[in-house]
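Structure first, commentary second.
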Number of protein chains: 2
Amino acid sequence: MVTIKDVAKKAGVSPSTVSRALSGNGPVKESTRKKVLDAVKLLDYRPNFLAQGLKEGKTKTIGLIIPNIRNPIYPAVARGVEDAAKKFGYTVILCNTDEDVDTEKEYIQKLQKRWVDGIIIAPASNENEHIVKLQNENFPIVVIVRNVDFLSNAVIIDNYRAAYDAVSYLIRTGHRRIAIVKGNQQLALYRERFRGYKQALLDAGIPVVEELIAGDDSDSVQWTLDGYNAINCLFSQNIEFDAVFATTDLRAIGAIRAIKDHGYKVPEDISVIGFDNLEFSSLIDPPLSTVSQPLYDIGMRAVNKLIPLIDNKTVTEPTIEIMLSELIIRKSTK
Amino acid sequence: MVTIKDVAKKAGVSPSTVSRALSGNGPVKESTRKKVLDAVKLLDYRPNFLAQGLKEGKTKTIGLIIPNIRNPIYPAVARGVEDAAKKFGYTVILCNTDEDVDTEKEYIQKLQKRWVDGIIIAPASNENEHIVKLQNENFPIVVIVRNVDFLSNAVIIDNYRAAYDAVSYLIRTGHRRIAIVKGNQQLALYRERFRGYKQALLDAGIPVVEELIAGDDSDSVQWTLDGYNAINCLFSQNIEFDAVFATTDLRAIGAIRAIKDHGYKVPEDISVIGFDNLEFSSLIDPPLSTVSQPLYDIGMRAVNKLIPLIDNKTVTEPTIEIMLSELIIRKSTK
DNA sequence: CAAAAACATAAAAACGTTTGCATTTACCTG
DNA sequence: CAGGTAAATGCAAACGTTTTTATGTTTTTG
């Protein structure tokens with residue numbers, strides 16, 4: 001490989017002059033700068049990033065830790081992160097944890113070996129002392145999508161509020177027996193959505209009944225399955241309901257499938273509302289009513305929050321940024 | 001930050017001994033190894049990756065360059081790449097080109113600054129001298145998904161064959177007026193699929209007629225739109241057809257929408273077959289018949305092909321690996 | 001025109017590792 | 001128990017940069 005010394009020799013100057021000519025961190029005569037630039041071009045010299053990084057203690061790299069890029073909410077997030085990172089001259093390392101805390105820890109270790117300048121993470125579970133530790137060490141880190149139970153720099157939506165609004169909409173449009181596919185209650189975000197569901201019912205004077213609460217805490221990769229099973233379960237118990245609030249679009253899709261399988265129509269017999277607004281949620285039949293998360297923006301904002309943390313090492317109180325979600329009504333609700 | 005010297009001091013040995021104790025690259029007495037390990041734990045020492053990389057000329061990092069992670073075929077590929085990479089101790093840097101050659105070049109430059117050991121790429125376009133150049137420089141690179149017109153290490157499917165089989169299936173099941181949404185003909189993979197379509201018709205004695213060839217070369221991010229517009233276009237010209245071969249599932253979804261919008265039924269009136277087998281293609285209505293690409297495996301195989309290129313710097317002829325695709329018949333064909 | 005000031009460049013140290021070589025220590029063997 | 005061998009460890013160089021310090025060369029100015 002061609003080094004700065006080769007360039008120096010070719011241009012007839014010292015390595016330090018080459019460095020200055022390229023970085024602009026010092027005076028260099030126009031004529032020599034030209035000689036250097038010519039030599040650089042001639043030899044196709046590219047500075048060794050590792051050496052630079054070693055010297056400066058920075059890598060201009062950030063780690064993005066998410067449960068699974070195949071979960072369709074994450075590509076948009078990843079894209080937002082990458083686009084923003086690129087704008088700041090950073091590159092992104094992608095890490096999938098499969099919802100497993102140990103994998104998450106392992107990746108953090110790996111990333112931390114001083115080569116990423118910061119981390120953006122959608123935590124795998126509610127066990128996150130390792131994240132607290134990182135934060136205490138003043139390592140730049142931003143939590144996204146899944147809020148945690150300690151104060152941290154985070155970019156999320158108000159899951160409680162969003163769920164409350166969605167369920168309130170169902171109530172307002174005449175539904176009274178509203179089932180929920182509740183999601184993994186280990187995760188704060190599903191607890192919040194569940195809480196929103198209950199409060200909306202209570203505020204409307206509708207009792208929260210156990211038999212309408214469906215879904216389990218499994219984390220199957222077949223994400224529609226939970227919704228499908230949950231609704232099938234209701235049918236098999238002959239429980240009546242006129243609407244379903246699914247805590248993700250994928251669960252909603254599974255729910256719709258189950259409803260159709262039992263010969264009922266969406267939304268004529270049963271309304272279904274989802275959560276996430278995946279790109280293809282408008283493409284299914286019927287197009288899904290859902291809560292839209294600004295996933296791309298969450299990714300972008302996370303980077304915008306992270307960079308200052310990396311730059312000014314001034315310690316500031318962590319802040320949570322609440323992004324706006326939006327209720328999108330399509331054809332799966334009447 | 002804590003360095004190897006700190007550990008050495010704490011353990012009462014020299015830095016070289018610490019290095020050997022940790023890497024195993026030399027003899028070290030059991031008792032001293034223990035002292036070192038204790039010191040490491042006590043100080044929470046983590047070797048500086050940059051320094052290691054600088055010394056060894058390797059970063060244990062690979063770059064993955066794809067058009068767009070939001071295009072639903074790529075998450076599976078990315079996951080395959082990451083899982084395999086992890087097995088070999090490598091990490092993955094994700095780069096989205098948005099189908100833009102300049103962005104692609106820019107990323108390659110960036111990655112090449114000696115810090116990725118190899119690159120896996122789904123090229124943005126048919127302009128790829130920069131990839132040829134990389135290959136000639138003996139830089140480890142593997143092409144995936146989108147074949148190129150020069151001999152390279154690649155992991156792809158036989159797009160011609162797969163398209164041929166899909167169209168042949170339509171013919172065998174009684175369709176005669178088969179329209180195609182042809183995809184961007186700048187890209188070899190769509191040319192191949194188009195060629196398969198034509199050959200299948202010819203081999204069955206069915207003429208290839210211009211009016212049934214639809215779709216344009218745009219690369220809109222709204223990937224269903226091309227299929228939607230293409231089919232609408234046919235209807236508006238009053239062209240009759242009894243089947244559609246869409247060159248991607250997303251185009252198929254758009255096509256189905258257009259067909260439904262015009263009051264026809266899939267598959268009773270018009271059959272539709274797609275290409276890719278996206279995770280949600282079985283979830284739409286009707287569940288889509290399609291050609292399955294082993295996307296996850298393509299990612300995995302690409303890494304398995306790349307690692308030897310990185311390790312043995314022995315120059316071997318590039319080889320193309322053809323993965324098997326599979327025709328999956330669901331409910332969108334009769 | 002000489003001395004000071006400003007500018008341009010070179011030399012050397014530093015970043016945190018790994019590793020070849022030299023040295024010390026421990027262990028055998030005759 | 002001396003001498004030889006093997007094992008364990010330390011020293012120093014090297015990886016490719018950037019930056020501080022030192023040196024040499026202009027230019028300015030009284």
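Among all heavy-atom pairs drawn from A/Ile69 and B/Pro75, the shortest one is O-CB, 3.5 Å.
Within a 6.0 Å radius of NZ in A/Lys86, other residues, nucleotides and ligands contribute more than 12 heavy atoms. Summarising the local packing, NZ of B/Lys105 is surrounded by more than 12 heavy atoms from other residues, nucleotides or ligands at distances under 6.0 Å. Remark: A/Lys60 NZ is packed, more than 12 non-hydrogen atoms of other residues, nucleotides or ligands lying under 6.0 Å away.
A heavy-atom distance below 4.5 Å is found between the side chains of A/Val81 and A/Ile62.
When each of B/Lys41, B/Lys34, B/Lys35 is checked for a salt bridge (charged side-chain N to carboxylate O under 4.0 Å, His left out) with B/Asp38, only B/Lys34 meets the rule.
Checked by atom type and distance alone, the side chain of A/Asn48 pairs as donor or acceptor with a backbone atom of A/Leu50 at under 3.5 Å. Although no hydrogens or angles enter the test, the distance criterion places a donor-acceptor pair under 3.5 Å between the side chain of B/Thr3 and the main chain of B/Lys5. Not one N or O on the side chain of B/Asn25 forms a donor-acceptor pair closer than 3.5 Å with the backbone of B/Arg20.
Backbone-only engagement by B/Thr3 is indicated by non-hydrogen atom pairs under 4.0 Å involving sugar-phosphate atoms exclusively. B/Thr32 comes within 4.0 angstrom of sugar-phosphate atoms only, judged by non-hydrogen atoms across all strands, and of no base.
Within the structure, a side-chain polar atom (N or O) of B/Thr17 is placed less than 4.0 Å from OP1 or OP2 of D/dG10. Residue A/Asn25 places none of its side-chain N or O atoms closer than 4.0 Å to OP1 or OP2 of D/dT18.
One distance of note links OH of B/Tyr45 with CG of B/Leu22; it measures 6.5 Å at 0.5 Å rounding.
Of the two residues near DNA chain D, A/Ser16 and B/Pro27, the one whose nearest nucleotide lies more 5' is B/Pro27.
Nucleotides of DNA chain C lying under 4.0 Å from heavy atoms of chain B occupy a range whose first and last members, 5' to 3', are C/dG16 to C/dG20.
Applying a 4.0 Å cut-off to non-hydrogen atoms, the residues of residues 40-57 of chain A that approach DNA chain C are A/Leu54, A/Lys55, listed by residue number.
Axis angle, first five pairs versus last five pairs of the helix from C/dC1-D/dG30 to C/dG30-D/dC1: 50°, rounded to 10°.
No N or O donor and acceptor, one from the side chain of B/Ser14 and one from the base of D/dC11, sit under 3.5 Å apart.
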